Number of protein chains: 2
Amino acid sequence: MTAGGSTPDRDLPIAEMGVVQSAGSSSPIPEATLARLPVYMRSLVEMADEGISTVSSRQLADLAGVNAAKVRKDLSHLGAHGKRGVGYDVDRLLAEIGGALGGSLTPVVIVGAGNLGRALSRYDGFMAGGFPVVAVVDSDRSLEGREISGVSITHVDHMDGVVRATGSRLGIVATPAHAAQEAVDRLVAAGLRSILNFAPAVVSVPPGVQLRKVDLATELQILGYYEHVRTSSEAPEQAVG
Amino acid sequence: MTAGGSTPDRDLPIAEMGVVQSAGSSSPIPEATLARLPVYMRSLVEMADEGISTVSSRQLADLAGVNAAKVRKDLSHLGAHGKRGVGYDVDRLLAEIGGALGGSLTPVVIVGAGNLGRALSRYDGFMAGGFPVVAVVDSDRSLEGREISGVSITHVDHMDGVVRATGSRLGIVATPAHAAQEAVDRLVAAGLRSILNFAPAVVSVPPGVQLRKVDLATELQILGYYEHVRTSSEAPEQAVG
DNA sequence: ATGCGCTTGTGCGCTCGATCACAGGTCACC
DNA sequence: GGTGACCTGTGATCGAGCGCACAAGCGCAT
Ligand SMILES: NC(=O)c1ccc[n+]([C@@H]2O[C@H](COP(=O)([O-])OP(=O)(O)OC[C@H]3O[C@@H](n4cnc5c(N)ncnc54)[C@H](O)[C@@H]3O)[C@@H](O)[C@H]2O)c1
Ligand SMILES: NC(=O)c1ccc[n+]([C@@H]2O[C@H](COP(=O)([O-])OP(=O)(O)OC[C@H]3O[C@@H](n4cnc5c(N)ncnc54)[C@H](O)[C@@H]3O)[C@@H](O)[C@H]2O)c1
């Protein structure tokens, strides 16, 4: 029950945990930086479209809504050398970030063709971002064969074959919570090593499998907390001057 | 996020550092803890359903997939006193967490009734979690009046009235990226102070407004990065071929 | 050639979160 | 009543990440 990949608890060999070492050409790249690279990329694409060829860390920081020093440190992680006194070359930066993030297409399989699964399947932003949805599976046989934006739904029992046939490298779980662990297990069994889970359930994966979760209910509840605190401290009037 | 509200501690003058403390009853509760409370809550609800009345930090930690000490420290933040040698009372803990997170219902308004907005509107988990979707607005007049799970779509121009009439306290932005800033501005103008943004755009809000974002594309890209690093370090021979 | 303004790259201190470890409290059982 | 197993609450330590601030590099105007 203790999630191996998501929360490195006690039993994991610490040596293997942290980052993905140095076989490739790139450096480790810290998570926090990693999470910002796509944001930079979006801003850079916009600039490139406008014909801007050079950008300073300050400008990029403003567009991305972060600190300029952070931008510089982030970019330094992927060896992107800008010119002092000038800034960074937009096109080169795009290439560097793109390369660091994986560059080529990463086909995605979605498990669960309900409300959320269908919305995700139809989302063209994934395709645009290099993550084409090439397969959708569900346990509901009545959905079998139905098409969603060019991809026909397959029964979850055939996941193995579908994953292999389509070359999916990344799985998205959009099943009810009680089926999430099973869905994840099947994805892992099919050979996937990167999974994004939308179900509000704690699932465990074997070591070496990357599991991330998107917990919308939790996001709402965090906002709800602040809302609650605000209203209960605003109501009793401004006691402190 | 140039947002003044999204990361309170960073943007505020250090003098103001303490969070919301003064008037309210509860302590500040750190973000990291806040994000885990809903997870604990889910596990606790399950246990309560099974008739379990007492839980130790170890048990809860296993269910939530985290460290036991972390559970204890988290719970200590909301003054939830367990009994040494025994554990925590499940029902009391549920009440305490529920109270800390806001307790009562927090009505939600969704901006943008496209793929994602409709999926979110139909999601009954929000209602179950205390966040009923009481309003849906869109700029597309052809959607006006159409119903989604009991809520009829209103034109975005009437947002003010709808928000007031429904008592919405929390806004969800599910518009295209280019309309996100406008949507946020309108929500703020309507009096909302807590917003969850799904659009992949950097939006800014006035100080005091809580803005959180859910960036699905970024999640995929982070996974894609690890996938990329793994494959390029696992199959150096095959890749060269 | 030289000075000046602009920008990068990064060392440093700080805060926050995670984990360990242990003292102190509780209960069951004999 | 005493003993031992168990569990909580928290001080201490460690690491990640953030932002400041500055030295070093670059290019243009003169
Ligand atoms: N809909 C939303 O907006 C939303 C928002 C936040 C979180 N979520 C979460 O996302 C998940 C999906 O939500 P939804 O609204 O799409 O639910 P849904 O009930 O509409 O769809 C779930 C789908 O999963 C399929 N399924 C069930 N068991 C399966 C299995 N073992 N293997 C494969 N497929 C299986 C079902 O047939 C169904 O089609 C849920 O866990 C939900 O909590 C949804
Ligand atoms: N669909 C997904 O699964 C998904 C996944 C990740 C991110 N997103 C993001 O969520 C957002 C919505 O995605 P979608 O697929 O639902 O897009 P969509 O195009 O299907 O829907 C967008 C809706 O917003 C409405 N809209 C446009 N401008 C508006 C305005 N100014 N005020 C109010 N409403 C307005 C449109 O009329 C439309 O109904 C996008 O930013 C997208 O990038 C979507």
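Naming convention: chains lettered A, B, ... in sequence-line order (proteins, then strands); numbering from 1 in each chain. Computed from a predicted model, the values in this text were never measured in an experiment.
- A/T218 is not listed as a side-chain neighbour of B/L37, based on a closest heavy-atom distance of 4.5 Å or more.
- Distance CG (B/L78) to C1' (D/dG9): 13 Å, rounded to an integer number of Å.
- Side chain of A/R84, nearest nucleotide from C/dA18, D/dC18, C/dG9: C/dG9.
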Take B/R230 and A/S194, measure what side chain to side chain donor-acceptor pair (under 3.5 Å) needs, and give me the verdict at the end. CA-CA 10 Å; B/R230 184 195 348 268; A/S194 303; 3.3 Å; yes
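- C/dT10 atom C1' lies 13 Å from atom CG of A/D74, rounded to whole Å.
- Nearest to the side-chain atoms of B/N67 among the listed nucleotides D/dG17, C/dC20, D/dG19 stands C/dC20.
- Distance B/L75 CG to C/dG17 P: 16 Å, rounded to the nearest Å.
- Comparing C/dT7, C/dC20, D/dC20 against the side chain of B/K73 picks out C/dC20 as the nearest.
- Taking CG of A/L93 as the start and OG of A/S53 as the end, the distance is 12.0 Å to the nearest 0.5 Å.
- Whole-Å rounding puts the A/E31 CD to C/dA18 P distance at 13 Å.
- For the pair B/A69 and B/Q59, both in contact range of DNA chain D, the more 5′-proximal nearest nucleotide belongs to B/Q59.
- Between C/dA18, C/dT10, D/dC18, one nucleotide has an atom nearer to the side chain of A/R72 than all others, and that is C/dT10.
- Listed by chain and residue number, A/R186 satisfy the side-chain hydrogen bond (donor to acceptor under 3.5 Å, both in side chains) test with A/E182 (two or more places apart in sequence, or in another chain).
- Across B/L216 and B/V214, no two heavy atoms sit closer than the pair CD2-CG1, 3.6 Å.
- Nearest to the side chain of A/S57, among C/dG17, D/dT8, C/dT8, sits C/dT8.
- For the contact set between residues 86-95 of chain B and DNA chain D, defined by any heavy atom under 4.0 Å, the members are B/V86, B/G87, B/Y88.
- Whole-Å rounding puts the A/I29 CD1 to D/dG17 P distance at 12 Å.
- Between A/G85 and A/T33, the residue whose closest nucleotide on DNA chain D is further toward the 5' end is A/T33.
- Going from atom CZ of A/R58 over to atom P of C/dT8 covers 11 Å, rounded to whole Å.
- With values rounded to the nearest 0.5 angstrom, A/E219 atom CD is found 11.0 Å from B/K213 atom NZ.
- Taking only side-chain nitrogens and oxygens, A/H81 never comes nearer than 4.0 Å to OP1 or OP2 of C/dT8.
- Rounding to whole angstrom units, NZ of residue B/K70 and P of C/dG17 are separated by 11 Å.
- Residues B/E46 and B/R42 are not paired through a salt bridge, judged by the lack of any N-O separation under 4.0 Å between the basic side chain and the carboxylate.
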